[in-house]
Amino acid sequence: MTLSIHHIAQSDNLDRLLLIEKTESLEQLQLNQEALEFVQFQKTKLKKDFVVLNQFKGMTYVLFFDREMNLAKRLEWCRKQGAIVGRSANEYGISCLTLETKSEALNEVLALAEGIALANYQFLKYRKDADEKRNSLEKVEIQVAGLEPKTLEDLNTVIEANCWARDLVNEPLNKLSAVDLAEQISSKFRAVGGKAEVFNKRKIEALKMGGLLAVNKGSIDPPTFTILEWNPKNAKNTKAIVLVGKGVVYDTGGLSLKPSSGMDTMKCDMAGAATVAAAIYAVAKAALPLHVIALVPATDNRPDGNAYVPGDVISMFDGTSVEVLNTDAEGRLILADALAYAKKFEPELVFNFATLTGSASRAIGSQGIVAMEVKAAELFCKLADSGDAVHERVVKFPMWDEYREQLNSEIADLKNIGGPEAGAITAGKFLEHFTDYPFIHFDIAGPAFIEKRDSYRGIGGTGIGVRLMFHYLNEYAKS
Ligand code: BES
Ligand code: ZN
Ligand code: ZN
């Protein structure tokens with residue numbers, strides 16, 4: 001269960017965190033003399049900004065924030081402190097923690113709560129000792145002035161969606177085939193009032209989605225193509241916003257087989273699919289007045305007697321011929337079909353999420369998202385602001401025409417790999433070929449899956465992009 005955050009006017013809970021701006025008087029904390037002196041000493045002499053007081057009947061945490069820090073940094077600092085507080089609360093077996101502030105710090109308190117909730121995520125379903133391992137913390141109360149119920153509702157929604165995306169990514173192939181993925185994302189989406197349709201292999205064949213079918217050839221499981229749609233009566237946009245997510249439920253590389261060390265985490269190769277499914281789920285649950293569609297092409301990528309081979313020329317959904325020179329560059333093939341399919345909606349804007357290239361991961365690691373933009377320069381600025389606000393930062397890579405030349409094939413319209421340099425960009429250029437609308441592509445190969453805990457992002461799937469998309473779309477709906 002995802003930790004839930006509640007608003008409370010006055011709590012008598014004895015486990016609490018007091019948030020205070022660091023230049024304000026400690027008197028407002030209303031601590032007894034002894035505790036006050038202790039906090040004073042920790043703050044001024046030891047320069048601590050986080051103080052833990054074991055009051056025996058309960059824990060009191062005091063956190064000093066610095067208003068001088070710029071807003072985005074300050075909120076991220078709060079989320080990270082949330083992860084630290086949460087760890088302590090779990091060590092003390094606390095089930096409910098109350099966050100309190102008398103400073104003007106509504107957004108800081110919300111960020112703290114968010115950090116606690118995101119850090120509290122666990123994936124224990126396959127462990128015998130799950131009950132023993134489960135975090136004690138189940139609930140955070142916030143006692144703060146001026147909180148709108150809808151703000152809190154949306155926060156709970158986006159946290160739930162992020163944790164769901166992490167769950168999907170953490171599921172291994174033997175528990176989550178392309179068919180399972182399609183079923184799970186459509187049933188959860190229907191439960192919040194969304195419309196979902198899943199194309200099976202026969203339908204995909206009838207549509208001649210040659211990219212998806214080629215990648216699927218080596219698989220023992222059929223591919224799926226899922227369409228999720230949220231189109232409320234009060235939608236503000238006349239043309240839909242489309243989200244496309246790479247759903248490679250496992251990437252062995254195919255006949256261009258990956259070495260074991262590069263393969264072991266490849267259950268994460270459907271993280272783009274998880275992101276767009278969770279993002280549109282959050283949009284529906286929050287009832288945003290926007291017409292949004294998500295497209296998820298899904299399959300695994302494996303070698304087999306029938307697998308596609310390097311050198312094959314395949315015919316894509318839009319009729320483009322592609323010379324496949326590396327079967328490990330499979331993501332762009334299934335996405336190309338989805339992107340070409342998206343044209344039929346005449347979309348206002350298309351966002352693509354994919355664990356697409358090792359090149360993106362090598363370029364910036366897991367601290368942000370490599371992004372590319374076509375005909376969407378202005379929008380990109382707003383998106384970058386959303387990225388900073390939720391700390392899912394985006395960095396724009398160039399899409400200069402010259403990169404396209406690397407994809408020229410002797411015998412087909414395109415080949416599926418470029419040269420040894422600028423791999424994230426040539427992958428982006430490949431995708432661009434299948435678009436005719438404003439397009440933003442996110443290569444999340446770096447941040448989608450991490451092998452070491454990083455504050456409120458635990459080991460495994462991170463759900464990167466869900467908070468970014470929800471923030472962006474929420475702002476868009478308001479504007
Ligand atoms: N799924 C991988 C990319 C990836 C790498 C995701 C690391 C997450 C972490 C993708 O399908 C792939 O294998 N890309 C190749 C492309 C190359 C053959 C042109 C790559 O990046 O090496
Ligand atoms: Zn691959
Ligand atoms: Zn892949």
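In each ligand, atom 1 is the first atom listed, and ligand 1 is the first ligand listed.
The tally of protein N/O/S atoms under 2.8 Å from the Zn ion (ligand 2) stands at 4.
Ring-plane geometry between F123 and Y126 is classed as perpendicular, the angle between the planes exceeding 60 degrees on a 0 to 90 degree scale with a lower cut at 30.
In this structure, the side chains of V249 and K267 stay at 4.5 Å or more apart for every pair of heavy atoms. The shortest side-chain heavy-atom distance between W77 and L63 falls under the 4.5 Å cut-off.
Counting only N and O atoms by type, the side chains of N326 and S256 include a donor and acceptor under 3.5 Å apart. Side-chain atoms of D221 and S219 form no donor-acceptor pair, as typed in the model, at a separation below 3.5 Å. Counted by atom type alone, Y121 and N170 present one or more donor-acceptor pairs between their side chains at under 3.5 Å. Using a 3.5 Å distance cut-off with no hydrogens or angles, the side chains of E330 and Y308 do not pair a donor with an acceptor.
When distances to the Zn ion (ligand 3) are checked against a cut-off of 2.8 Å, K246 contributes an N, O or S atom below that limit.
Around ligand 1, the residues contributing at least one heavy atom under 4.0 Å from the ligand are K246, D251, K258, M266, D269, N326, D328, E330, R332, T355, L356, T357, G358, I417, A445.
Residues satisfying the side chain to side chain contact (heavy atoms under 4.5 Å, CB included) criterion with A412, sequence neighbours excluded, are V313, S321, E323, S409.
Here E76 pairs with R79 in a salt bridge; the nearest charged N to carboxylate O distance falls below 4.0 Å.
Each ring-ring contact (aromatic ring centres under 6.0 Å, His included) pair with one or both residues in residues 210-229, not counting sequence neighbours, appears once here: F199-F225, F225-Y341.
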